[in-house]
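Scroll down for the structure; my scribbles are underneath it.
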Number of protein chains: 2
Amino acid sequence: MGLAKTEMFTDQQNEIALFAKVFGHPARVSILQYLFKINSCICGDLVNQIGLAQPTISQHLKELKHLGLIKGNVEGTSVCYCIHTENWIKMKETMLQFLNQDISKIEDCC
Amino acid sequence: MGLAKTEMFTDQQNEIALFAKVFGHPARVSILQYLFKINSCICGDLVNQIGLAQPTISQHLKELKHLGLIKGNVEGTSVCYCIHTENWIKMKETMLQFLNQDISKIEDCC
DNA sequence: TTTGTTTATAGCAATATTACGATGAATGTT
DNA sequence: AACATTCATCGTAATATTGCTATAAACAAA
């Protein structure tokens with residue numbers, strides 16, 4: 001099938017999964033880390049930084065932009081991409097809620 | 001291709017991506033949340049809780065177990081699954097390092 | 001031993017993802 | 001205008017993921 005049955009899960013569960021999915025590829029992790037490191041970016045840099053072809057990088061950037069985690073503005077012939085800080089903070093809250101579930105009550109039954 | 005070029009990324013980037021990938025499906029998010037909620041579990045419960053077929057749940061559990069996020073012990077005819085607390089904490093540290101990257105220095109250039 | 005219960009595995013069809021080459025669109029340079 | 005540069009999109013091939021049915025395996029109960 002290859003198609004997740006999203007309708008049987010809560011909005012929050014689907015949201016967590018969507019964010020996680022976009023982090024589920026090392027190229028996108030790498031892109032985000034690089035954007036954090038240099039604070040602003042031109043796509044060409046990324047193609048050199050990461051060893052993938054330009055259309056591949058462009059595709060990954062599109063996914064990140066689609067989820068709102070980065071924003072990009074055209075500057076002449078190049079495009080300036082950077083982290084969308086407000087949305088990153090919102091995403092982080094959602095993910096932290098999931099990661100920080102209370103572990104103290106878990107009995108080591110197994 | 002469908003195949004990520006992991007060799008061109010750092011171990012840390014690949015590790016983050018692997019953890020994120022497993023959270024990239026709402027069924028697995030749901031399973032983990034349920035395990036946190038009740039602190040111990042029998043697989044049959046999950047099949048009722050989540051609306052997917054038993055083999056599908058079993059497959060998702062396998063992926064979670066493979067990454068070490070849950071552990072399962074056979075108890076008679078059923079299997080008791082629960083959160084692997086030590087590994088969960090380790091995973092959380094890795095993910096937090098990624099999520100908590102310093103956002104304060106980012107200039108709103110775009 | 002037969003039967004039922006529970007979970008895992010095999011095999012499959014449908015869809016998604018990843019990556020790239022070729023090409024197009026937009027802008028800058030000469 | 002002609003050309004170069006940069007990035008996006010299209011089309012395609014290879015592989016991965018999801019979910020199911022059918023079935024096996026392991027154990028308990030009768």
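Keep in mind that this is a model prediction, so the values were computed, not measured. All values below were derived from every heavy atom in this structure, side-chain atoms included, with hydrogens, water molecules and symmetry-related copies excluded. Each chain gets a letter, A, B and so on, in the order its sequence line appears, and its residues count up from 1.
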For G72(B) and Y81(B), work out which heavy atoms get closest and say how close. CA-CD2, 3.6 Å
Answer yes or no: does a side-chain N or O of Y81(A) lie under 4.0 Å from OP1 or OP2 of dT6(D)? no
Across nucleotides 22-30 of chain D, 5' to 3', mark each nucleotide with B, S or - according to how protein heavy atoms within less than 4.0 Å reach it. B----BS--
With a 4.5 Å heavy-atom cut-off, do L61(A) and L46(A) have their side chains touching? yes
Starting at the 5' end of DNA chain C, which residue's closest nucleotide do you reach first, S78(B) or K5(B)? S78(B)
Return the nearest nucleotide to the side chain of A53(B); candidates are dT18(D), dC7(D), dC20(D). dC20(D)
Could you state the interatomic distance from CG (L52(B)) to CD1 (I31(B)), rounded to the nearest 0.5 Å? 8.0 Å
Nucleotide dT17(D), atom P - distance to NZ of K62(B) in whole Å: 12 Å
Integer-rounded Å distance: dG19(D) C1' and E63(B) CD: 12 Å
With rounding to the nearest 0.5 Å, note down the distance linking NE2 in H84(B) to CD1 in I89(B). 10.5 Å
Looking only at side-chain N and O atoms, does S58(A) come under 4.0 Å of OP1 or OP2 in dA8(D)? yes
Spacing of L99(B) atom CG and L96(A) atom CG [to the nearest 0.5 Å]: 6.0 Å
Quick one: does T56(B)'s side chain get under 4.5 Å of H60(B)'s, heavy atoms only? yes
side-chain hydrogen bond (donor to acceptor under 3.5 Å, both in side chains) test vs Q13(B) passes for just one of H25(A), Q33(A), R28(A), namely Q33(A)
Quick one: I57(B) CD1 to dT18(D) C1', roughly how many Å, whole number? 12 Å
Enter the distance from I50(B):CD1 to M8(A):CE here, rounded to the nearest 0.5 Å. 9.5 Å
CD1 of I38(A) to CD of Q49(A), rounded to nearest 0.5 Å, is 8.0 Å
Enumerate all atom pairs, one protein N or O and one N or O from nucleotides 11-16 of chain D, separated by less than 3.5 Å.
from    : atom 1 : to    : atom 2 : distance (Å)
dA13(D) : N1     : M1(B) : N      : 3.2
dA13(D) : N3     : M1(B) : N      : 3.0
dA14(D) : N3     : M1(B) : N      : 2.6
dA14(D) : N3     : M1(B) : O      : 2.6
dA14(D) : N3     : G2(B) : N      : 3.2
dT15(D) : O4'    : M1(B) : O      : 2.4

First contact, last contact: which nucleotides of DNA chain C are these for chain A, 5' to 3', heavy-atom distance under 4.0 Å? dA13(C) to dG28(C)
Distance-only, no hydrogens or angles: does the W88(B) side chain make a donor-acceptor pair with backbone N or O of I70(B) under 3.5 Å? no
Do the non-hydrogen side-chain atoms of V29(A) and F98(B) ever get within less than 4.5 Å of each other? yes
Specify the separation, in whole Å, of atom CG of L52(B) and atom P of dT17(D). 17 Å
